[in-house]
Each structure stands twice: as structure tokens, then as C-alpha cells.
Number of protein chains: 2
Amino acid sequence: MASERKKDIVEAATKSFTFFGYKATTMDQIAKLANVGKGTIYTFFKNKDELFEDICITLIQEMKRAAEAVIDPAQSFHENVHRALFEMLAFRTKHQLAVKLFQEEKEMGTPAVTQALKKMEDAIVAYIAVQAKEAMDRNEIQQTDPQIAAFVMMKLYVTLVVDWERRGPALSKEEIAKLFELYVFKGLSR
Amino acid sequence: MASERKKDIVEAATKSFTFFGYKATTMDQIAKLANVGKGTIYTFFKNKDELFEDICITLIQEMKRAAEAVIDPAQSFHENVHRALFEMLAFRTKHQLAVKLFQEEKEMGTPAVTQALKKMEDAIVAYIAVQAKEAMDRNEIQQTDPQIAAFVMMKLYVTLVVDWERRGPALSKEEIAKLFELYVFKGLSR
DNA sequence: TTTTTGACCAAAATAACATTTTAGTCAATT
DNA sequence: AATTGACTAAAATGTTATTTTGGTCAAAAA
């Protein structure tokens, strides 16, 4: 089993990316944190970017797994969106990496980070789109472009969770869930 | 009537800000474009930033006027939002200044521009919030936080008009109106 | 042999310094 | 009283020197 070291490296790198961001994390730092010679990192990963991408892919997978753990195909799309939403709100407080990357993207615009976030966005939107399409085929929700529906949901999530904080007091999980339901499912019409 | 010159200056500055953005526009350039000595600008405006703010305030006022020209208090909130939305989509193609500032903000992060856009956002959200509040009081739409409702509408507008272009083909005015109605008023539920 | 290592190197980032550009002033001009 | 453009200090930009960092590889360790 050669990859106890690989695990150490990935763990150290994840910690460092989470605390300092992509740019401020050096390969020497990762090596030191992992108690490994720098060269060892390069036996597992071609370069810094590939190591970073590997970690991002893991993050996406974990998000997916977390969502799938609460989604019940027997339940309605509406109910599952609610469950997944709460799961993501909980996930967020645990996995600070995405939060840190979001921040680095906005205030430094590091290319590798921009690219990584784009991929995450793609994965999330694609995932929601599939669920939405299925719900439409089951005639559970209105017929509309599933890609756009997924994109709008993701953006609304960011709007309520991240953007709103700059205008008013941060919203509680319950408030976010209520508002998400209002705008995505019910609409303002009476 | 001393202010034929002031008008020239404001016109020249508006043109330059629109074509080159805030940072790439110099006071010398504005003076030359307006056929005016540079000092003259400073008899009307304390500094570059104040001149810029003045122009931004005018833009906000024009947007407000354009919206109010199509809004009919006798009509429903729903109908008025539809009208205002179309007016804004038309307005956008005319007044390229906001578009240019949006771009400069995203790719350069010029502080003065960030601040100006924040003010525009505030003005727009405040305006929509008042309309939404009135509609709620008339029991025309669901009771909810009008500030958040306004914020969500503005963000949805940006999502559909600007952000979506990076994922799929730009949406037509009609498509945008349909989607806006779907998510704000009707909701996905059947 | 295979895996690990850290001194080593080229390239990139940063700092230090020189040069140019620009916002804003004001004495002279109209 | 209004206008101007040469002028200045400060900011931006360009240039060069210095340091940092990603990535390599011959040697050491396993």
C-alpha cells in the first residue's frame, strides 16, 4: 500500500488551500505539512494545478454524495430540493474550502481558482438539471428549460446565502428555505 | 446662463466613460473632447469622482423616468413589472454606460466604479421594494420581505440577461420575460 | 530496484527604483 | 467674473534587481 503518503499530501494540501487559498499555498509548505519531501508530491501529482484539481473533484464528489444521502427518489422534486438545500447549507459550514475559493476568486481572480469554481458550478448545475428534467417528465413541475431552471436555482442560492449578507442581516437556514420555496416553487402570485 | 459649458463637459465625460470606462478616461481627454480648458471642469465639479457621480445620478434618474413612463398605477404589479422589465431591456441597449461599468467592475475592480454600481443597485432595489410593498399592501402578491423580493428580482434580471450568456446562447427579450414571470410570479409548482 | 529526498535551476513573483502620466491648482489671460 | 493651460505632487507605469516558488533529478534511503 504505497499511498499512505498520498493521503497525507492530499490532507495537508486541502488544509492549506482551505486556510490560505490556492495562491498563498506553496508546494514546500504542503511538503512540510505532510512530512514529506517535495519531490514525493510529484510522484503522485503532475503539478500544483493537478493536485488542486484532484482536491476540487473530491469536494464535488462529497457534495454529490451528501446530496444523494438525503435525496429520496420516492419523494417529490419539491421535497428533495428542500432536503438537498438544507444539506448544502450544513455542508457549507463544514467544508470551508469552497467558501475560501469563492473569496479568493472575488478579490484576487486567481485563474486556477476561477476555473475550479466554474467546474463546480457546471457540476452542480448539471446535477440539478437532471433532477429537474426528471421532475418535468414526471409532470411534477412546469415544463421549462431544465438547464436554465438549474442555473436559476444555483444563482438564487448564492443570492440568498452569500450576496444578501451585504445588504441585510444574514438569513437563517429556515428563512432561506422559505424564500427558496417561495421563488422557485410558489411564486409571488396569489 | 453660464452652463452651456457644463453641458458640454458632462456630455464629453459621459461619452468617454461609456467608451473607455472610468479609469481610462482622463480629465485632459474630457477637456479636449468638450473644447474646454481643464480648469473649467473644476469650476463645475470638485473632482473626477464628483463628475462621475453626477453622471451616474443622471443615469439612475433616467432609468427611473423610463420606468415611470411605462408604469401605470392602475395596472397590476404583475403587469407593471412586465412593462418595466421590457423598458429596462430596451434601455440597456441604448445606455451602454451601465454595461461598460459592469464590465470594468468585473475585470478591473476600480473602486469608484464598484461604489457607483453599488449605489445604482441600491436605487433600483429601493425602487422595486416600494412597488412590491404597495402590491403586498393591496394584497396583490404574497406577503414577504419587500427588500429581499426586490433584491431577488434584480439578481434574477442579472442572472438571465448577463450571467446566462456564459453558459448558453443569449436569451431573447421574450424568453427573459417568460422566465422572469415563471420564477417571480408563477413558480415551478403545477 | 524502487521510493523518497532536498539541493538545485529556471521561471515567476515581488521589491526597489526610475520614468511617465494624471488629477488637481492657480497665476495669468480673456 | 470666467476661463485657461503651464505647473506640481502624487499616482500609475515601466524597468531592473532580488527573492520566491514550481518543478527536476542525481543521490540517498528503503
Side-chain angles (χ1 to χ4, degrees), chain A residues 1-56 100-101 104-105 107-116, chain B residues 1-56 100-101 104-105 107-116:
Chain A
M1 280 268 10
S3 12
E4 188 57 32
R5 296 197 117 84
K6 184 170 179 181
K7 213 189 107 205
D8 290 343
I9 291 165
V10 171
E11 262 173 33
T14 303
K15 269 182 194 152
S16 191
F17 286 141
T18 304
F19 284 122
F20 307 112
Y22 176 82
K23 200 165 161 260
T25 293
T26 70
M27 295 303 266
D28 283 292
Q29 198 175 33
I30 294 170
K32 202 162 274 176
L33 251 147
N35 284 316
V36 156
K38 186 162 63 158
T40 309
I41 300 176
Y42 289 88
T43 65
F44 295 111
F45 301 97
K46 208 167 78 239
N47 52 40
K48 183 180 179 184
D49 216 74
E50 207 182 65
L51 169 59
F52 178 60
E53 270 176 31
D54 192 82
I55 288 169
C56 289
K100 184 76 193 181
L101 295 180
E104 188 172 352
E105 148 75 19
E107 66 196 29
M108 315 184 65
T110 318
V113 174
T114 306
Q115 214 187 329
Chain B
M1 10 181 309
S3 14
E4 188 58 33
R5 295 197 117 86
K6 184 171 179 178
K7 212 188 108 205
D8 290 344
I9 291 166
V10 171
E11 262 173 34
T14 303
K15 269 181 194 152
S16 190
F17 286 139
T18 304
F19 284 121
F20 306 112
Y22 176 82
K23 202 170 159 254
T25 294
T26 69
M27 295 303 266
D28 282 290
Q29 198 176 32
I30 294 170
K32 202 163 273 177
L33 250 148
N35 284 316
V36 158
K38 187 162 62 158
T40 308
I41 300 176
Y42 289 89
T43 64
F44 295 111
F45 301 97
K46 205 168 78 239
N47 52 39
K48 185 182 177 183
D49 215 76
E50 208 181 64
L51 168 59
F52 179 59
E53 270 175 32
D54 192 83
I55 287 168
C56 288
K100 185 77 192 179
L101 295 181
E104 188 172 352
E105 149 74 20
E107 66 195 30
M108 314 185 66
T110 318
V113 174
T114 306
Q115 214 188 330

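To find a chain, count down the sequence lines: A is the first, B the second, and so on, and within it residues start at 1.
- Residue Thr43(B) has no polar side-chain atom (N or O) positioned under 4.0 Å from OP1 or OP2 of dA2(D).
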Filtered N/O pairs between nucleotides 21-23 of chain D and protein, under 3.5 Å:
residue, atom, partner, partner atom, Å
dG22(D), OP1, Thr25(A), O, 3.4
dG22(D), OP1, Lys48(A), NZ, 3.2
dG22(D), OP2, Met27(A), N, 2.7
dG22(D), N7, Lys38(A), NZ, 3.1
dG23(D), OP2, Tyr42(A), OH, 3.3
dG23(D), OP2, Lys48(A), N, 2.7
dG23(D), N7, Lys38(A), NZ, 3.0
dG23(D), O6, Lys38(A), NZ, 2.4

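- OP1 or OP2 of dT4(D) has at least one side-chain nitrogen or oxygen of Arg5(B) nearer than 4.0 Å.
- Side-chain contact between Asn47(B) and Leu51(B) is absent, with no heavy-atom pair separated by less than 4.5 Å.
- For Lys32(A) and dT5(C), the NZ to P distance is 14 Å, given to the nearest whole Å.
- Between Phe52(B) and Tyr22(B), the two ring planes are tilted [angle within 30° to 60°].
- We find that CZ of Phe20(B) is positioned 16 Å from C1' of dT22(C), with the value rounded to whole Å.
- Pairs passing the salt bridge (Lys or Arg N to Asp or Glu O under 4.0 Å) check and including a residue from residues 13-23 of chain A, sequence neighbours excluded, do not occur.
- Summarising the geometry, the separation between CD on Glu4(B) and P on dA2(D) is reported as 16 Å, rounded to the nearest angstrom.
- Under the 3.5 Å distance criterion, the side-chain polar atoms of Thr26(A) are matched with a main-chain donor or acceptor of Gln29(A).
- Put simply, the side chain of Thr40(A) never gets that close to the backbone of Val36(A): no donor and acceptor are under 3.5 Å apart.
- For the atom pair NZ of Lys100(B) and OG1 of Thr25(B), the computed distance is 9.0 Å after rounding to the nearest 0.5 Å.
- Regarding Asn35(B), its CG atom lies at a distance of 15 Å from the C1' atom of dG5(D), rounded to whole Å.
- Atom CZ of Phe45(B) is separated from atom P of dT3(D) by 13 Å (rounded to the nearest Å).
- Computed from coordinates, the Asp8(A) CG to dT4(C) P distance equals 11 Å when rounded to whole Å.
- In this entry the distance linking CD of Gln29(B) with C1' of dG5(D) reads 17 Å, nearest Å.
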